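Just so it is clear: chains get the letters A, B, ... in the order the sequence lines come, proteins before strands, and each one is counted from 1. These numbers come from the heavy atoms of this one structure, side chains and all, not from hydrogens, waters or symmetry mates. Everything numeric in this text was worked out from a predicted model, so none of it was measured.
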Amino acid sequence: MPPLRSASSTSSVRTMVRVPGGPFLQGSPPWVLDWLDKQGQSFPREWFTDESPPINAALAPYWIDRHPVTVEDFRQFARDTGYTTDAERAGYGMVYGEQYWEERPGACWHRPAGPGSGIAGHDRHPVVHISWDDANAYAQWAGKRLPSETEWELAARGARFRIWPWGDNWHSGNANTAEFYAGPLGSLNEWRAWWRSVYARQGPMPQTTPVGAFAGRGDSAFGCGDMAGNVYEWTSTTSYLYHETELCDPTLRLVMGRYRVIRGGSWMNFRYQVRCCERLHGDPAGWSNFALGFRCAKDAHGGDNQT
Amino acid sequence: MVKIVLSVGWTQRGRTEFEGIEGQLIDVIKSFATDNPGCRRRLLGADGELLTYFSVYLDDKLIPRGERATTTVMAGSTIAIVPPLQGG
């Protein structure tokens with residue numbers, strides 16, 4: 001990646017949260033997998049064993065963005081550096097079409113649904129169609145870095161375990177998920193019916209919301225917003241299993257050491273995919289989609305004051 | 001015969017292992033997609049050609065996209081087809 005000029009100032013530089021760090025148990029306790037098994041959701045237990053049992057973690061203090069990087073932030077970066085994203089260079093972006101994922105020509109961060117779409121009125125929405133390299137390039141320019149998944153999880157749930165950033169009880173009004181729009185969703189067919197209705201009205205336009213739209217009720221213990229849903233978020237962590245011997249889906253095992261951990265779920269997901277300990281794994285080799293963004297972090301030094 | 005393994009993310013609680021006939025990698029996947037219409041839209045574009053967004057592993061080795069056209073699958077091998085977003 002070529003060196004990029006640094007940002008003199010951006011809106012999100014001044015909106016970071018200081019997390020004190022410390023020891024905590026990273027991941028879900030086994031009772032969460034038992035609970036998932038009883039929920040009637042679509043995936044078998046071995047789909048979730050990459051997040052449980054928990055592992056011991058300890059962090060130094062750090063700063064993390066209160067919200068994901070926005071369209072406005074990313075536009076400033078692109079204007080300042082001339083950066084073109086992987087999706088722009090590839091000439092297509094991944095969107096969910098009427099039936100399934102499509103490689104849509106021309107889809108990228110400023111044309112999120114492809115030609116004819118745009119970002120007017122979306123300045124405060126999280127930027128999407130961002131690859132792992134794109135996210136790192138922005139972070140370098142902003143004088144920041146991507147958070148590790150451990151940093152991301154602690155910022156989302158605090159040192160004490162909780163399922164969602166606000167606690168253990170689901171509230172569809174607290175986060176931008178498919179259930180915020182469609183109500184409780186019990187099956188993929190119900191999700192598809194919801195998505196077809198969206199698609200019929202808007203085409204494959206990402207259903208993002210302005211960052212901070214769920215402030216207060218949806219915030220984490222540290223005051224971070226949009227950590228459940230809105231956009232999937234890249235982390236710096238190379239995918240690995242917490243426990244090598246844990247029974248795990250074979251194709252999930254294949255990406256360990258290759259993919260990068262993604263956290264937070266997105267507007268496309270059910271409640272189960274936006275849990276604080278939920279781990280997803282993304283291909284860092286240029287791939288992105290219309291629900292994928294990021295937030296940044298930076299080290300904290302003694303006595304620093306970032307407001 | 002070759003074994004074709006799909007991600008649970010694509011099959012939910014359904015079947016994840018299938019059999020195919022050895023041959024050129026692209027042909028094996030196209031034939032699999034034809035025999036399993038539920039997977040076709042995940043694997044092939046409207047022109048019937050392989051989409052590029054997913055990863056393909058042959059006997060646990062990642063096959064770069066540029067080498068898919070020249071890769072041969074021998075009998076007894078396992079092909080894993082892995083989406084770019086795994087887990088969840």
Visitor: State whether the number of non-hydrogen atoms from other residues, nucleotides or ligands found under 6.0 Å of B:M74 atom CE is greater than 12.
Guide: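 Not more than 12 within 6.0 Å, no.
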Visitor: B:Q86 and A:V255: which non-hydrogen atoms are nearest, and at how many Å?
Guide: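 Nearest heavy atoms, B:Q86 then A:V255: CG-CG1, 4.0 Å.
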Visitor: Who wins among A:I262, A:D249, A:D50, A:V274 for the most heavy-atom pairs under 4.5 Å with chain B?
Guide: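 Looking at each of A:I262, A:D249, A:D50, A:V274 in turn, A:D249 comes out on top.
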Visitor: Taking side chain as everything from C-beta outward and backbone as N, CA, C, O, which of these in A:R275 sits under 4.5 Å from a heavy atom of chain B? Side chain, backbone, both or neither.
Guide: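 For A:R275, no heavy atom lies under 4.5 Å from chain B.
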Visitor: Tell me which of these, A:L254, A:D283, A:N269, has more heavy-atom pairs under 4.5 Å with chain B than the rest.
Guide: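 Among A:L254, A:D283, A:N269, the one with the most close pairs to chain B is A:L254.
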Visitor: So for A:F270, is it side chain, backbone, both, or neither that comes closer than 4.5 Å to the heavy atoms of chain B?
Guide: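 Contact with chain B is absent: no heavy atom of A:F270 under 4.5 Å.
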Visitor: Distance from A:Y100 atom OH to B:L43 atom CG, nearest 0.5 Å?
Guide: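 The distance works out to 8.5 Å.
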Visitor: Side chain of A:E103, backbone of B:L51: donor and acceptor closer than 3.5 Å?
Guide: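 Pair absent, no side-chain N/O of A:E103 close to backbone of B:L51.
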Visitor: So do the side chains of B:P83 and A:W101 get within less than 4.5 Å of each other, counting heavy atoms only?
Guide: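 No, every pair of side-chain atoms sits at 4.5 Å or beyond.
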Visitor: Non-hydrogen atoms of chain A under 4.5 Å away: do they reach the side chain of B:L62, the backbone, both or neither?
Guide: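 Contact with chain A is through both the backbone and side chain of B:L62.
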Visitor: With a 4.5 angstrom heavy-atom cut-off, which part of A:Q99 approaches chain B: side chain, backbone, both or neither?
Guide: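 The answer is both parts of A:Q99.
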Visitor: Who among B:S55, B:P84, B:G87 has the most heavy-atom pairs with chain A under 4.5 Å?
Guide: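 Among the listed options, the one with the most contacts to chain A is B:P84.
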Visitor: Locate the shortest heavy-atom distance separating A:Y92 from B:T52; write the atom from each residue and the value.
Guide: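 For A:Y92 versus B:T52, the nearest heavy atoms are OH-OG1, 3.1 Å.
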Visitor: Tell me, side chain or backbone of B:Y53 under 4.5 Å from chain A's heavy atoms, or both, or neither?
Guide: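 When you check distances to chain A, atoms from both the backbone and side chain of B:Y53 fall under 4.5 Å.
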Visitor: Based on non-hydrogen pairs under 4.5 Å, which of A:R253, A:M94, A:R258, A:E51 is most in contact with chain B?
Guide: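 The answer is A:R258.
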Visitor: Can you list the residues that meet the ring pair (Phe, Tyr, Trp, His ring centres under 6.0 Å) rule with A:Y232, with sequence neighbours excluded?
Guide: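 So A:Y232 forms no ring pair (Phe, Tyr, Trp, His ring centres under 6.0 Å) with any residue.
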Visitor: How about A:T251 and B:Y57: do any of their side-chain heavy atoms sit closer than 4.5 Å?
Guide: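 Contact flag for A:T251/B:Y57 side chains = no.
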